[in-house]
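Let me begin by presenting the structure, written as structure tokens, before commenting on it.
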Amino acid sequence: MFSLLVNISANANWPQNGVTIAGGNGAGGATNQLNLPRGLFIDDDQKVVIADFFNDRIMQWTNGGTTNGQVVAGGNGQESGLNQLNGPTDVLIDKDTDSLIICDWGNQRVVRWSRGSGTTQGIILINNIYCYGLAMDEQRYLYVSDWKNNEVRRYQGCDKIGILVAGGNGQGTGLNQLNNPTYLFVDRDHSVYVSDWDNHRVMKWNKGATEGIVVAGGHGAGSALTQLYRPLGVFVDTLGTLYIADEDNHRVMRWTQGANQGTVIVGGNGAGAGANQFNYPIGLSFDRHGNLYVSEYSNHRVQRFSIE
């Protein structure tokens with residue numbers, strides 16, 4: 001549930017050339033375009049929902065190679081109305097309620113939009129939060145990163161306050177601190193993985209822990225295999241292998257559990273628009289078959305790499 005159970009072989013490979021499945025037609029607001037896309041989520045039918053940041057909307061692309069997406073939330077201008085979004089950074093699908101949960105970054109709120117036909121506006125779940133990334137566990141607890149307060153909180157039901165699960169000790173490099181946390185992943189043990197963007201590392205906070213463990217990076221900004229440079233999208237498979245969109249290195253990395261360095265699985269060929277290149281990869285996810293999806297901020301597209 002909630003993409004927690006993706007089985008990927010330890011020796012899996014992906015082609016170096018991706019296929020554009022959304023956008024890729026320049027920056028714009030048409031239905032075949034994206035403008036600075038960020039987080040994305042794949043449902044069981046391989047539909048892809050994308051936080052289309054600069055278009056203030058959530059787009060959905062249906063599996064099957066269609067060139068046009070569908071606006072499923074926002075798209076009514078950059079304001080704070082219930083029918084509007086302002087720079088969404090992340091989105092997930094709550095299957096139990098068949099709804100989208102959206103980090104409405106510019107409006108400092110988390111909102112829910114029904115996926116039912118005829119939906120014209122959302123409802124506010126959490127207000128006055130500097131949200132960036134979202135995750136949900138199988139008990140439907142919602143996890144939200146707060147980039148300004150350098151913390152991650154877990155919310156249940158109508159809870160507006162949340163329980164601190166990572167950070168919350170000011171901005172810094174300590175194991176009990178974060179520095180601009182962005183995207184999240186929660187595993188079956190309710191451990192929270194956090195992209196600690198300005199610390200150039202990914203942290204794992206076990207359930208109930210008061211400090212985290214560095215599971216990738218943490219050796220300063222750089223392009224060595226021991227390093228990350230502003231990591232963003234994160235995903236963990238059933239083996240505990242970590243996958244990271246390494247933004248400023250324009251690559252996707254895989255870190256096996258306990259490893260002190262990662263391997264580059266796609267990208268790493270410099271910034272560019274080639275099929276084997278990224279230009280600031282942001283969002284990262286897998287479908288249930290192990291196909292990799294990456295949103296690219298400056299190429300205004302989502303690439304799919306089909307598992308071999």
**Prompt:** Heavy-atom distance under 4.5 Å between the side chains of Leu100 and Val49, does that happen here?
**Reply:** yes

**Prompt:** Is there a donor-acceptor pair under 3.5 Å between the side chain of Asp52 and the backbone N or O of Asn35?
**Reply:** yes

**Complete:** What one should report as the nearest heavy-atom pair of Ser80 and Asn107 is CB-OD1, 3.4 Å

**Ile213 with Trp255, same ILVMFWY side-chain cluster at under 4.5 Å** = yes

**Prompt:** So, Ser195 side chain and Thr182 main chain: donor-acceptor pair closer than 3.5 Å or not?
**Reply:** no

**Prompt:** Taking the side chain from Asp137 and the backbone from Gln139, do they hold a donor-acceptor pair closer than 3.5 Å?
**Reply:** yes

**Asked** Do the side chains of Val234 and Leu239 join up, straight or via other hydrophobic residues, at under 4.5 Å, putting them in one cluster?
**Response** no

**Prompt:** Is there a side-chain contact between Asp287 and Tyr293, using heavy atoms and a 4.5 Å cut-off?
**Reply:** yes

**Request:** Taking His300 for its side chain and Leu36 for its backbone only, find out whether a donor-acceptor pair lies under 3.5 Å.
**Result:** yes

**Item:** Neighbour count >12 (heavy atoms, 6.0 Å) for atom CH2, Trp61
**Value:** yes

**Item:** Within the 6.0 Å centroid threshold, strictly below: Tyr243 and Tyr183
**Value:** no

**Request:** Examine Leu164 and Met203 and state if one hydrophobic cluster contains both, with Ile, Leu, Val, Met, Phe, Trp and Tyr joined whenever side-chain heavy atoms are less than 4.5 Å apart.
**Result:** no

**Asked** If you draw a 6.0 Å radius around NZ in Lys160, do more than 12 non-hydrogen atoms from other residues or ligands fall strictly inside?
**Response** yes

**Request:** Report yes if some heavy atom in the side chain of Asn179 is under 4.5 Å from a heavy atom in the side chain of Thr173; otherwise report no.
**Result:** no

**Prompt:** Between Trp105 and Gly87, which heavy-atom pair has the shortest distance, and what is it?
**Reply:** CB-O, 3.0 Å

**Request:** Look at the aromatic rings of Phe53 and Tyr297 and report parallel, tilted or perpendicular, splitting at 30° and 60°.
**Result:** tilted

**Request:** Determine whether Arg230 and Tyr280 make a side-chain contact, defined as any pair of heavy atoms from C-beta on separated by less than 4.5 Å.
**Result:** no

**Message:** Quick one, Ile123 with Leu82, criterion side-chain contact (heavy atoms from CB on, under 4.5 Å). Give me CA distance, side-chain angles, the key distance, then yes/no.
**Reply:** CA-CA 7 Å; Ile123 61 169; Leu82 291 178; 6.0 Å; no

**Item:** Side chain Asp104, main chain Asn86, donor-acceptor under 3.5 Å
**Value:** yes

**Asked** Out of curiosity, Phe185 CZ to Ser191 OG, how far, rounded to the nearest 0.5 Å?
**Response** 11.0 Å

**Complete:** When rounded to the nearest 0.5 Å, the distance separating CG of Asn269 from CZ of Arg251 is 11.0 Å

**Message:** I'd like to know if the side chain of Asn249 and the backbone of Gly268 have a donor-acceptor N/O pair within less than 3.5 Å.
**Reply:** no

**Item:** Connected via hydrophobic side-chain network under 4.5 Å: Leu225 and Leu228
**Value:** yes

**Prompt:** Atom CG in Leu242, atom NZ in Lys204: separation rounded to 0.5 Å?
**Reply:** 10.0 Å

**Prompt:** Could you go step by step and tell me if Ile282 and Leu232 meet the side-chain contact (heavy atoms from CB on, under 4.5 Å) rule?
**Reply:** CA-CA 6 Å; Ile282 302 271; Leu232 284 166; 3.4 Å; yes

**Asked** Is the backbone of Asp94 close enough, under 3.5 Å, to the side chain of Arg140 for a donor and an acceptor to pair up by distance?
**Response** no

**Request:** Search all heavy atoms of Gly133 against all heavy atoms of Ser145 and return the closest pair with its distance.
**Result:** N-OG, 2.8 Å

**Prompt:** Do Tyr155 and Val110 touch side chain to side chain, with heavy atoms closer than 4.5 Å?
**Reply:** no

**Request:** Quick one: closest heavy-atom pair of Asn11 and Asn13, and the distance?
**Result:** O-ND2, 3.4 Å

**Request:** Report yes if some heavy atom in the side chain of Val266 is under 4.5 Å from a heavy atom in the side chain of Gln16; otherwise report no.
**Result:** yes

**Asked** Can you tell me how far the CG atom of Asp43 sits from the CD atom of Gln60, to the nearest 0.5 Å?
**Response** 6.5 Å

**Audit row: Leu85, Trp113, side-chain contact (heavy atoms from CB on, under 4.5 Å) steps and yes/no** = CA-CA 11 Å; Leu85 299 170; Trp113 283 62; 4.2 Å; yes

**Prompt:** Do the side chains of Ile124 and Ile101 join up, straight or via other hydrophobic residues, at under 4.5 Å, putting them in one cluster?
**Reply:** yes

**Request:** Side-chain contact test, heavy atoms from C-beta onward, threshold under 4.5 Å: evaluate it for Asp246 versus Tyr229 and give yes or no.
**Result:** yes

**Request:** Output the distance between atom CZ (Arg288) and atom CG (Asn7), rounded to the nearest 0.5 Å.
**Result:** 12.0 Å

**Prompt:** Does the cation-pi check pass for Arg154 over Tyr141, that is, NZ or CZ under 6.0 Å from the six-membered ring centre and within 45° of its axis?
**Reply:** no

**From CA spacing to verdict: side-chain contact (heavy atoms from CB on, under 4.5 Å), Met136, Phe41** = CA-CA 12 Å; Met136 186 176 271; Phe41 190 93; over 6 Å; no

**Prompt:** Does Asp90 reach the main-chain N or O of Leu134 with its side chain, forming a donor-acceptor pair under 3.5 Å?
**Reply:** yes

**Asked** Is a donor on one side and an acceptor on the other found under 3.5 Å between the side chain of Arg38 and the backbone of Val91?
**Response** no

**Complete:** Closest heavy-atom pair, Leu34 versus Met59, reported as atoms and distance to 0.1 Å, is CD2-CG, 4.1 Å

**For Pro37 against Ile50, the heavy-atom pair lying closest together** = CB-CG2, 3.8 Å

**Message:** Could you measure the distance from the CG atom of Leu40 to the CD1 atom of Ile58? Nearest 0.5 Å is fine.
**Reply:** 10.5 Å

**Side-chain touch Arg115/Lys47, heavy atoms, less than 4.5 angstrom** = yes

**Item:** Stepwise salt bridge (Lys or Arg N to Asp or Glu O under 4.0 Å) test for Asp146 and Arg153
**Value:** CA-CA 8 Å; Asp146 183 326; Arg153 287 184 174 269; over 6 Å; no

**Message:** Strictly distance-based, threshold 3.5 Å: is any side-chain N or O of Glu296 a donor or acceptor partner for the main-chain N or O of Arg301?
**Reply:** no

